[in-house]
Amino acid sequence: MFALVDCNNFYASCERVFAPRLEGRPLVVLSNNDGCVIARSNEAKALGIPMGAPYFKIEPLARAQGLVVRSSNYALYGDLSRRVMQILADCAPRTEIYSIDECFLDLAGLPQELTAQALAIARRVRQWTGIPVSIGMAPTKTLAKLANRLAKQGQTPTPPVLEWGRLADPAATLARVPVEDLWGIAGRWGGRLRALGLDHAQAVCLAEPRRLRQHFGVVMERIGWELRGVSCLPLERAPPPRQQILTSRSFGERLTELTELRAAVAAFAARAGEKLRAQGLCAQALSVFIQTSPFTTTAPYYANAATLGFEHPSQDTGTLIGCATRGLERIYRPGHAYQKAGVLLLDLVPAGVEQGTLFPYPPSDPQRSRRLMETLDRINRRQGRHTLRYGAEGMSGRWRMRQQLKSPAYTTRWEDLPIVRAS
DNA sequence: TCTGGGGTCCTAGGACCC
DNA sequence: TCTGGGGTCCTAGGACCC
């Protein structure tokens, strides 16, 4: 038996935890660079603001309707997520953190009163963190996801919890669920399922699994089995090691000069290196890409990428920046207004087991590099990111993101601690 | 003027191995 | 006219997730 705990409108809820006056008001959170809407409160959804809407298009409406708008504040969301996950880890024998706002629980061995248990979990998370959650429970992950969605929609006698086994008529419920609402099915497959006459979850459930496999492959076959109550997707305790690490950003302003791009790309490489070391990995190759805006119609679109292999596996920021810069110089073409760039680390291997080089040239000192990176990371962990950085990253730069509407990092910066006054 | 960032898995086909 | 059987690795493309 699985439970899926999902935080309601997570980013919007995080913004409200330390600003309770936003309770009940329509609220949206914007993507990096204040580009589009990536989270909406229920009130904002009711206004008809779609997910992913470019902000400049809804701005007039926003003003007229008193919409509250925030830049994304990942320091805050990440910290509140960690707290929620910690509470959940105490509530079940095994958990799987599925995303920043979702967690699967393995309910095996828990007392039978599952609904009562789940209601208590939801209350506890709300009381201890201020974050509202919904919980779906079922014998498979796919059904637990669905139960969660139905619970969120209020289709449950025990909000915010829905236990699949307590449904009076599961088949009729499935028949009311459009295929696109199933976990793992989006637009393309939805269209193809409908073309086969399978347009609701119950039709997929009744379809011959072999047929699903023929038309779509093993992924869809598993969805079919899971809808029938046959669990195919186990709880994953330890996340598998990363296969790639990407750091990319849209620029606050368009860039045309190589010098400016170089600083941006160096900063991305440095950040990617931090992530790499935090995971205990080394990269064996790096890819750098740049692109102009895909939405501009007045200038030709240009996008390109360069991939470079390393002499030997590395987690040294200096090496990463050097490679990224060489790659950039290969693909940079003057005359374009670049909108975005990124650095992708590839062929990751665990640090410490990498293949050495018999005749390194130029001679290098891996111990020295390792100590330097450890010191760099330690200082930046304690004193704040960017305290110590490479000169190539530049001090500021027009490429840095616009984030004009960001709330304070209430829980992760001393200066931003909220002050409570008694009156 | 203004449009996110970060990932995963699966499949088919080609090249190659013994 | 007829040409084995069993495998791996790599890449590109397509789909999906939050």
Side-chain angles (χ1 to χ4, degrees), chain A residues 4-11 28-40 49-60 62 69 71-74 77-78 81 96-104 141-142 145 148-149 179-193 212-223 232-233 236 239-254 268 271-272 275-276 279 285 287 289 291-299 301 305 307 309 337 339-348 401-405:
Chain A
L4 176 66
V5 182
D6 190 324
C7 302
N8 300 346
N9 313 323
F10 183 54
Y11 297 171
V28 297
V29 176
L30 301 180
S31 61
N32 272 332
N33 225 17
D34 295 343
C36 15
V37 173
I38 57 165
R40 307 160 293 160
I49 298 169
M51 188 69 165
Y55 178 54
F56 72 91
K57 285 190 182 171
I58 62 157
E59 203 173 352
V69 181
S71 303
S72 34
N73 182 348
Y74 288 102
Y77 312 153
S81 168
E96 173 191 341
I97 298 172
Y98 177 66
S99 73
I100 194 165
D101 69 334
E102 287 175 66
C103 185
F104 284 104
K141 281 180 158 182
T142 302
K145 273 286 243 188
N148 188 290
R149 175 185 273 263
V179 280
E180 291 85 358
D181 285 2
L182 289 171
W183 187 36
I185 298 176
R188 301 292 168 86
W189 280 6
R192 282 176 55 194
L193 282 166
L212 292 176
R213 186 175 199 129
Q214 275 165 10
H215 283 280
F216 300 92
V218 69
V219 176
M220 187 69 79
E221 184 187 356
R222 282 192 201 120
I223 293 173
C232 305
L233 306 169
E236 315 230 1
R242 288 250 167 282
Q243 302 187 19
Q244 48 180 247
I245 288 173
L246 174 67
T247 299
S248 74
R249 293 285 180 277
S250 298
F251 304 133
E253 293 173 46
R254 304 283 187 260
F268 299 160
R271 177 68 189 122
K275 296 187 203 173
L276 185 69
Q279 302 260 330
S287 192
F289 69 87
Q291 63 179 57
T292 61
S293 169
F295 299 99
T296 302
T297 48
T298 52
Y301 178 64
T307 303
Q339 173 253 353
K340 179 178 180 173
V343 169
L344 180 63
L345 304 181
L346 300 158
D347 297 344
L348 307 184
M401 293 185 291
R402 285 188 306 267
Q403 290 193 310
Q404 292 168 341
L405 307 164

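So that the names make sense, note that chain A is the first sequence line, chain B the second, and so on, each numbered from 1.
Looking at heavy-atom distances under 4.0 Å, Ile245(A) makes contact with sugar-phosphate atoms alone, never a base. Note on Ser293(A): nothing from the nucleic acid sits closer than 4.0 angstrom, heavy atoms only. Contact annotation for Ile185(A): backbone-only contact, meaning every heavy-atom pair under 4.0 Å involves sugar-phosphate atoms and none involves a base. Counting any heavy atom pair closer than 4.0 Å across all strands shown, Asn33(A) reaches no nucleic acid atom. Looking at heavy-atom distances under 4.0 Å, Glu59(A) makes no contact with the nucleic acid at all.
Minimum atom distance to the side chain of Lys275(A) is reached by dG7(B), of the listed dT3(B), dC9(B), dG7(B). Here dC16(C) is the nucleotide among dG5(B), dC16(C), dC2(B) with the atom lying nearest to any side-chain atom of Ala186(A). Comparing dA15(C), dG7(B), dG5(B) against the side chain of Arg188(A) picks out dA15(C) as the nearest. In this structure, the nucleotide among dC17(C), dG6(B), dC10(B) sitting nearest to the side chain of Val219(A) is dC10(B). Looking at the side chain of Gln243(A), the nearest of the listed nucleotides dG4(B), dT3(B), dT8(B) is dT8(B). Of the candidates dG4(B), dG5(B), dC18(C), dC18(C) carries the atom nearest the Ser99(A) side chain, counting heavy atoms from C-beta on. In the set dT3(B), dG5(B), dC10(B), the nucleotide with an atom closest to the side chain of Cys36(A) is dT3(B). Side-chain proximity of Phe56(A) to the nucleotides dT3(B), dT11(B), dG4(B) is greatest for dT3(B). The nucleotide whose nearest atom lies closest to any side-chain atom of Trp183(A) is, among dT8(B), dG4(B), dC18(C), dC18(C). Looking at the side chain of Trp189(A), the nearest of the listed nucleotides dA15(C), dT3(B), dT8(B) is dA15(C).
Rounded to the nearest Å, the gap between the P atom of dT3(B) and that of dC18(C) is 26 Å.
Rounded to an integer number of Å, the gap from CZ of Phe104(A) to C1' of dC18(C) is 12 Å. In this entry the distance linking CD of Glu221(A) with P of dC10(B) reads 12 Å, nearest Å. Rounded to whole Å, the distance from CG on Asn32(A) to C1' on dC18(C) is 15 Å. Look at CD1 on Ile100(A): it is 14 Å from C1' on dC17(C), rounded to the nearest Å. Counting to the nearest Å, the P atom of dG5(B) and the CZ atom of Arg271(A) are 14 Å from each other. Atom-to-atom, CD of Glu102(A) to C1' of dC17(C) comes out at 9 Å; the value is rounded to the nearest Å. As rounded to whole Å, 11 Å separates atom P of dT3(B) from atom CD of Gln291(A). Per the geometry, CG belonging to Asp101(A) stands 15 Å off C1' belonging to dG5(B), to the nearest Å.
Take the nearest nucleotide of DNA chain B for Thr247(A) and for Phe216(A): the residue whose nucleotide is more 5' is Thr247(A). A residue-by-residue look at Gln339(A) and Arg222(A) shows that Gln339(A) has its nearest nucleotide of DNA chain B further toward the 5' end.
Residues Met401(A) and Asn33(A) approach most closely at CA-OD1, 3.3 Å, considering heavy atoms.
Residues Leu346(A) and Ser287(A) form a side-chain contact, since some pair of their non-hydrogen atoms from C-beta on lies under 4.5 Å apart.
Ring pair Tyr11(A)/Tyr74(A): centre-to-centre distance below 6.0 Å.
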